[in-house]
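Please read the structure below before turning to the comments.
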There are 2 protein chains.
Amino acid sequence: MPAALMPRDEVVERLMKVIRRHGYDGASLAELSKATGLGRSSLYHHFPDGKDDMVRAVLEQLEQGLRTLIFEPLREPRPARRRLEQMIKTVDAYYDGGREACVIGNLVLGTSRTRFHARLRAIFEEWIDAVAAALLDAGVSRAESRALAEDAVVRMEGALIVAHGTGDTAVFSRTLKRIGADLVAAVGPG
Amino acid sequence: MPAALMPRDEVVERLMKVIRRHGYDGASLAELSKATGLGRSSLYHHFPDGKDDMVRAVLEQLEQGLRTLIFEPLREPRPARRRLEQMIKTVDAYYDGGREACVIGNLVLGTSRTRFHARLRAIFEEWIDAVAAALLDAGVSRAESRALAEDAVVRMEGALIVAHGTGDTAVFSRTLKRIGADLVAAVGPG
DNA sequence: GTCTATAATAGGATAGAC
DNA sequence: GTCTATCCTATTATAGAC
């Protein structure tokens, strides 16, 4: 038998997919096992503390992915407007136009509500800070930057919920447009 | 033994409390039983199809409650501005300033994602329609009324998620303020 | 309409061979 | 590092007495 059939990243990616769809409480070991192709015991070998360890790995990888795809690009030396517009596009792709559920949302609700509080809080904060940084660069006041950034993140999360609740992914697209418009209005045509 | 120790409404209210906190997958019959004071068998007597029946009852009662508390007041013959401001206040109280989780959000995620689609969709639509109606009354165009109403609902849902994720209920208050400001700006001082 | 008792199953977790 | 086999607990659901 090979030492590792799959890189760890790929295993964690598949765990994420299940948690994203079924949530913490709904994600059974049976499904996590099926999705990764690893037996229960193998999963426990890699994640001794069971589901909690898996979720921690998922959150770490998610955070790393968001940093690369979204947070860091928001701080690149380009016009703020470009950076913000790119974030919108990346988010749209990341959630497949509103068809994919939100990992974070799933972990915030249900019985996992408080279990991963610290890391979830960190992710939200990083996201808000990164958006606010781009706004600040464009000369928007600190207070307004923070308010706009928080509002953007709030709207993205909410749009995913409403899109799923109504079965209408267009809600997500429309919301992203609104967010983009508000951010661009704040930074100006730069 | 008395025929009914508790009115059905009260039973359903307690079921709602559990589902709100634990979600569909996390709400076990043991807890639902404890919360209502009814044994498992009694629960099955009232809700033969188990948890699904309970959730259906919860959603019916939720919809009825929202109608009375929020949707109908939004259509009362008063200045639109007053109606919208009252909605904000009622929502703030209903979610206890962001401390209470959202029943709908919990049912939209996890394995119950698609199970109650129709009713969840109906609730979201009713809410958006009611807000849009108030805006229309104030002379806001149909398209803008719809967009603003959708955005308001999206933001409320999102704020509940972010407030729980960060542990910072102030996000909810700030978001409600933003929603109120945008709605009032659209209808004017009337 | 409620209860106790019980069935049947799914879930999480571990032991030990390979 | 992975597997098969197993254990234990929690969970859903039902039967039948009162």
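Protein chains get the first letters and strands the later ones, always in sequence-line order, with residue 1 at the start of each.
- For the pair B:D49 CG and D:dT12 C1', the interatomic distance rounds to 12 Å; values are reported in whole Å.
- Here D:dT11 presents its P atom at 10 Å from CG of A:D25, a figure rounded to the nearest Å.
- Side-chain atoms of A:Y24 and A:R115 include a donor-acceptor pair closer than 3.5 Å.
- Cation-pi contact between A:R20 and A:Y94: present, with separation from the ring centre below 6.0 Å and deviation from the ring axis of at most 45°.
- Closest contact between the side chain of B:K51 and the listed nucleotides C:dG1, C:dG11, D:dT12 involves D:dT12.
- A donor N or O paired with an acceptor N or O is found under 3.5 Å between the base of D:dC3 and the side-chain atoms of A:S41.
- Look at CG on B:L43: it is 13 Å from P on D:dT14, rounded to the nearest Å.
- Here the side chain of A:E76 pairs no donor or acceptor atom with the backbone of A:R83 at under 3.5 angstrom.
- Here the side chain of A:H45 is nearest to one of D:dT2, D:dT12, C:dT2, namely D:dT2.
- The separation between B:F47 atom CZ and C:dG1 atom C1' is 13 Å, rounded to whole Å.
- Set against D:dT2, D:dT11, C:dG11, the side chain of A:L38 has D:dT2 as its closest nucleotide.
- Atom-to-atom, NE2 of B:H22 to P of D:dA10 comes out at 15 Å; the value is rounded to the nearest Å.
- Of the N and O atoms on the side chains of B:Q61 and B:R8, not one donor lies less than 3.5 Å from an acceptor on the other residue.
- Regarding contacts with the backbone of C:dA13, a side-chain N or O of A:Y44 is found under 4.0 angstrom from either OP1 or OP2.
- D:dG1 atom P lies 6 Å from atom NE2 of A:H46, rounded to whole Å.
- Residue contacts shown for B:S42 include a base, since a base heavy atom lies under 4.0 Å away.
- A:K34 places its NZ atom 19 Å from the P atom of D:dT2, with the value rounded to the nearest Å.
- Listed for the B:S42 side chain is no donor-acceptor partner under 3.5 Å among the backbone atoms of B:L38.
- Protein atom CG of B:L29 is 14 Å distant from nucleotide atom C1' of C:dA10, rounded to whole Å.
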